[in-house]
Amino acid sequence: MLSDMVSTSLPIVGPELIMAIGAMILLMVGVFLGEKSTQTVTGLAVALVIITALWLVFVTPNGVAFGGSFIQDSFASFMKMLVLIGSGAAIVMSVGYAETERFNRFEFPVLVVLSTLGMMMMVSAGDLITLYLGLELQSLAIYVLAAINRDSVRSTEAGLKYFVLGALSSGMLLYGASMIYGFTGQIEFQAIAAGLADGERSLGLLVGIVFVLAGLAFKVSAVPFHMWTPDVYEGAPTPITALLAGAPKVAAMALIVRFAVEGFTPVAVDWQQVIVFISIASMVFGAFAAIGQKNIKRLMAYSSISHMGYALVGLAAANVEGVRGVALYMAIYLAMTLGVFAVILSMRRDDGQVDQIEDLAGLSRTQPVTAMFLTILMLSLAGLPPLAGFFAKYFVFMAAVEAGLYTLAVIGVLASVVGLFYYLRIVKLMWFDEPATAFLPAPTELKVVLWVAGLFVFPVYLFVGGSVFSAAEAAARSFF
C-alpha cells in the first residue's frame, strides 16, 4: 500500500524533486570549487529553473500525492510557472550586481533555489503540515538572503527584522493551525471542507482561520502585517529585494487562495470579512504611504503593499471570477515588478549604486529607451489603459462587483487614483526635469529583463492577453 502511494506520488512531485536534488548538487559544486564557482553555480541554477519549468509543463501529471498532502492541478501549474519565472529572473539580474558589489557568493543562487522549492510546496499544499513546511523552507532561505551582505549594517538589520517578525507570524500561523485541527479533527483542506459542509462552525475554528490568515498576510505584506516590508526592501541587497517583490508574493498569494477556497468555502462568509478588511487597509495605506517616499526601493515596498490589496479584492469575491482575477493579477504584477527592478539595478554611477527617486531626473535625455520602458511600467502599475495593469485591476474589481462587494470595488478604484500620483511623479522626473548624472550602461541581462517585461506589459499583452486569461480561467476552475 505504501509503495503504491509512493510510486503514484513521485511523478506528481517531479518538479520539486528536480529542484531539491539540483540544490544539493549546486551546493556540492560550490563547496568543492570554492568562491570562484559563483558564475558556474549561477548558470547551473538558471538552467535548473528552466529544466524544472519544462518538466512542469510537459511531463508532470495532475493529481493528488501522499494521501492528499500535495495537490498538483491547473492552479498549481499556473502559479508555479510564475514562481519559477520570478526566481529565475532574480538570479539572472544578480549577475552584474555580484561582479561590481563584491557579491560573488555561490550560496546566493543555492538559497534562491531552496527558497523556490519552498514556494512550489506552498502552491501545492493540500494540508496544514505541507503548508507550514513549504512556508518555512521558503522563509528560512530568504531570512539568510536578506542579511547575506555581512559588510552592510543595513542588510544585517533588514535580515534581523525580517527574521524576528517572520518568526512572530509563523507562531501565529501555527497557533491558528492547531486551533483548526483541534476543532475539526482534520488537517487536509478537502477533508476540512467536507466536515464543514453542513454549515456548522465553532468560534474556535473561526479564531484559527483568522490566525492562519494573519500569518499568511505577513508573507504578502498585507496591512496590518506589513511592518517589515519598507525596511527590508531598502536594506537588503537589490537582487534580493527583486526576488522578495516577485516570486514569494506569488507563492504566498496562491497559498492564501488554496487555504481559503479549498478548505473553507463552506464558511466563506466569515473569512471574507477578514480578507475585505486587509484588502481595504492595504490598498489605502499603500497608496498614501508611498507619496512621501524618496527612496525608490521603499516606494516599491509601499506599492507592493497596495498591489497585494488589489489582488485580495479578487479573493474576497470568493467565486471563480475572483480566483481567476487573482491569478491574472499576480502574473501581470510579476512582469511589472521585475521590469522596474531591472531599472533599479541599472541605477549605477561611477561612485556606486544609487536608489533615490531624484536620481532618475532627466533619464529620458541620457537613456531614452530605459525611460520609455520605465514610463510604460509605471503607468501600468497605476492601472491606466490599455496597459496590462489596467486589465489586472479590471478583472478583480469586476469580480468584486459581481459578488456584490460594491464598496470594496469603489475603494479600490479611489486608491488607484491616489497611487497614480506617485507613479506620475517618477514619469515627470524622467521627462521634464533637468538631467542628473548619467548612469553607467546597464548589463545585458538587465536590458533583456527590462525589454521582455516592458514589451509584455505593452503591446504584447494586447495580443497574448487572451491566452493568459484562458490559463488563469483554467487555474480558477480547479476549485469550482
Side-chain angles (χ1 to χ4, degrees), residues 38-39 42-43 45-46 49 85-105 108-109 111-112 142 145-146 148-149 152 154-155 158 230 232-249 293-301 303-304 333-361 363 366-378 381 426 429-430 436-457:
T38 302
Q39 289 187 342
T42 301
V46 174
V49 170
I85 291 171
S87 298
I91 297 173
V92 168
M93 289 194 293
S94 71
V95 174
Y97 186 94
E99 293 178 354
T100 56
E101 294 287 329
R102 292 179 298 175
F103 196 65
N104 287 330
R105 295 194 177 98
F108 170 71
L111 286 168
V112 173
I142 294 186
L145 286 172
I148 197 169
N149 189 359
S152 169
R154 290 201 309 171
S155 177
V232 174
Y233 269 48
E234 182 182 13
T238 308
I240 311 301
T241 308
L243 173 68
L244 270 171
K249 298 289 179 68
Q293 299 304 314
K294 297 181 179 180
N295 184 290
I296 193 165
K297 290 166 70 176
R298 289 185 73 89
L299 183 142
M300 289 303 296
S303 173
S304 74
Y333 166 80
L334 180 66
M336 297 186 296
T337 301
L338 291 175
V340 171
F341 273 96
V343 176
I344 295 174
L345 277 162
S346 66
M347 293 171 60
R348 174 176 297 279
R349 300 192 176 113
D350 292 326
D351 55 349
Q353 192 87 20
V354 294
D355 53 14
Q356 297 300 304
I357 295 174
E358 286 74 12
D359 292 314
L360 292 167
L363 186 65
T366 56
Q367 294 182 358
V369 175
T370 302
M372 178 191 70
F373 278 124
L374 186 56
T375 299
I376 291 173
L377 293 166
M378 286 294 160
L381 284 167
I426 294 177
L429 269 173
M430 291 190 296
T437 306
F439 299 136
L440 297 175
T444 303
E445 64 273 7
L446 296 181
K447 291 180 180 178
V448 170
V449 173
L450 176 60
W451 276 68
V452 171
L455 290 175
F456 173 80
V457 169

**Q** Does CG belonging to Asp351 count more than 12 external heavy atoms closer than 6.0 Å?
**A**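 Counting neighbours around CG of Asp351, more than 12 heavy atoms of other residues, nucleotides or ligands fall under 6.0 Å, so yes.
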**Q** Determine whether Pro248 and Ile142 make a side-chain contact, defined as any pair of heavy atoms from C-beta on separated by less than 4.5 Å.
**A**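 Yes, their side chains come closer than 4.5 Å.
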**Q** Heavy atoms only: give me the nearest Ala90-Pro239 pair and the separation to one decimal.
**A** CB-O, 4.4 Å
**Q** Hey, could you give me the CG/CG distance between Leu450 and Leu455, rounded to the nearest 0.5 Å?
**A** 8.5 Å
**Q** For Ala236, does its backbone N or O pair with a side-chain atom of Lys297 as donor and acceptor, under 3.5 Å?
**A** yes
**Q** For residues Val49 and Val46, determine if any side-chain heavy atom of one lies less than 4.5 Å from a side-chain heavy atom of the other.
**A** no
**Q** Any chance you could measure Glu358, atom CD, to Leu429, atom CG, to the nearest 0.5 Å?
**A** 6.5 Å
**Q** What are the two closest non-hydrogen atoms of Ala242 and Met93, and how far apart are they?
**A** CB-CE, 3.8 Å
**Q** Evaluate the criterion side-chain contact (heavy atoms from CB on, under 4.5 Å) for residue pair Met378 and Val340; output intermediate values, then yes/no.
**A** CA-CA 8 Å; Met378 286 294 160; Val340 171; 4.1 Å; yes
**Q** About how many Å separate OG of Ser94 and CD1 of Ile240, when rounded to the nearest 0.5 Å?
**A** 7.5 Å
**Q** Please report the interatomic distance CG(Leu381) to CE(Met336), rounded to the nearest 0.5 Å.
**A** 4.5 Å
**Q** A side-chain contact here means heavy atoms from C-beta on lying under 4.5 Å apart; do Leu299 and Ile426 qualify?
**A** yes
**Q** Quick check: closest heavy atoms across Leu360 and Phe439, and the distance to 0.1 Å?
**A** CD2-CE1, 4.1 Å
**Q** Indicate the atoms forming the closest heavy-atom contact of Leu338 with Ala89, along with that distance.
**A** CD1-CB, 3.8 Å
**Q** Is there side-chain contact between Phe108 and Pro237, with heavy atoms separated by less than 4.5 Å?
**A** no
**Q** Considering all heavy atoms of both residues, which atom of Gly96 and which atom of Pro443 are nearest to each other, and what is their separation?
**A**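 Where Gly96 meets Pro443 most closely, the heavy atoms are CA-CG, 4.3 Å.
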**Q** Considering the options Thr437, Val354, Ile296, which one meets the side chain to side chain contact (heavy atoms under 4.5 Å, CB included) requirement together with Asp359?
**A** Val354
**Q** Mind checking the CE-CD spacing from Met430 to Gln367? Nearest 0.5 Å is all I need.
**A**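 Atom-to-atom, Met430:CE and Gln367:CD are 11.5 Å apart.
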**Q** Drop me the distance from Leu374's CG to Ser346's OG, to the nearest 0.5 angstrom.
**A** 8.5 Å
**Q** Please report the shortest heavy-atom distance between Gln353 and Met347, naming the atom on each side.
**A**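 Residues Gln353 and Met347, closest heavy atoms: NE2-O, 3.5 Å.
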**Q** Does atom CD (Gln39) have a neighbourhood of more than 12 heavy atoms from anything else shown, all under 6.0 Å?
**A**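 Not more than 12 within 6.0 Å, no.
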**Q** If we only count heavy atoms from C-beta on, is the Thr238 to Asp355 side-chain gap below 4.5 Å?
**A** no
**Q** Determine whether Trp451 and Val369 make a side-chain contact, defined as any pair of heavy atoms from C-beta on separated by less than 4.5 Å.
**A**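 A side-chain contact under 4.5 Å exists here.
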